[in-house]
Amino acid sequence: MENKDMNVIRRFNRIEDKINSLYHKASRIMGFADSEMMILYLLCNYGTIAQKDVIAFAGMSKQTVSSAVSWMEQAG
C-alpha cells in the first residue's frame, strides 16, 4: 500500500475514533450503556430491525445484544 493510502486510512481512523468518543459521551449523559445506545441508534435509523441484523451492523455479540435488550425492556 502506498504512503498516500496509509495516510488516508490513518485520517479515517482518527475521525472514526472521535465519532465513537462523542457517541460514548452522549450515551453516558443519557444514562445508557454503549451497547444500548448503539441499539437505539440502529432502531432510529432503520426502524424495526432483527436482532441478527443488530449483531451484524454493530459488531456486538449475540449475548451483548440480548442482555442490552433485556435491560432496556426492564427499564421500560
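Just so it is clear, the values below take in all heavy atoms, side chains as well, and ignore hydrogens, waters and symmetry mates. Keep in mind the model is a prediction, meaning the values are calculated, not measured.
- Judged as a side-chain hydrogen bond (donor to acceptor under 3.5 Å, both in side chains), and not counting sequence neighbours, the contacts of Asn7 are Arg10.
- For residues 9-31, the ring pair (Phe, Tyr, Trp, His ring centres under 6.0 Å) pairs, not counting sequence neighbours, are Tyr23-Tyr41.
- For the side-chain hydrogen bond (donor to acceptor under 3.5 Å, both in side chains) test, no residue two or more places apart in sequence or in another chain qualifies with Arg11.
- Taken from CD1 in Ile39 to CD1 in Ile49, the straight-line distance is 10.0 Å, to the nearest 0.5 Å.
- If you chain together hydrophobic residues whose side chains sit under 4.5 Å apart, Ile19 and Leu40 fall into the same group.
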N/O donor to acceptor pairs below 3.5 angstrom from side-chain atoms of residues 52-62, sequence neighbours left out:
unit_1	atom_1	unit_2	atom_2	d
Ser61	OG	Thr64	N	3.0
Ser61	OG	Thr64	OG1	2.9

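- Residues Asp5 and Glu2 form a side-chain contact, since some pair of their non-hydrogen atoms from C-beta on lies under 4.5 Å apart.
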For residues 66-76, dump all side-chain donor-acceptor pairs below 3.5 Å to protein atoms at least two apart in sequence or in another chain.
unit_1	atom_1	unit_2	atom_2	d
Ser67	OG	Gln63	O	3.0
Ser67	OG	Gln63	NE2	2.8
Ser70	OG	Ser66	O	3.0
Trp71	NE1	Glu36	OE2	3.2

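- Between Asn20 and Glu16 the shortest side-chain heavy-atom distance falls below 4.5 Å.
- To the nearest 0.5 angstrom, Ser27 atom OG is 11.0 Å from Leu22 atom CG.
- One finds the CD1 atom of Ile15 at 7.5 Å from the NZ atom of Lys18 (value rounded to the nearest 0.5 Å).
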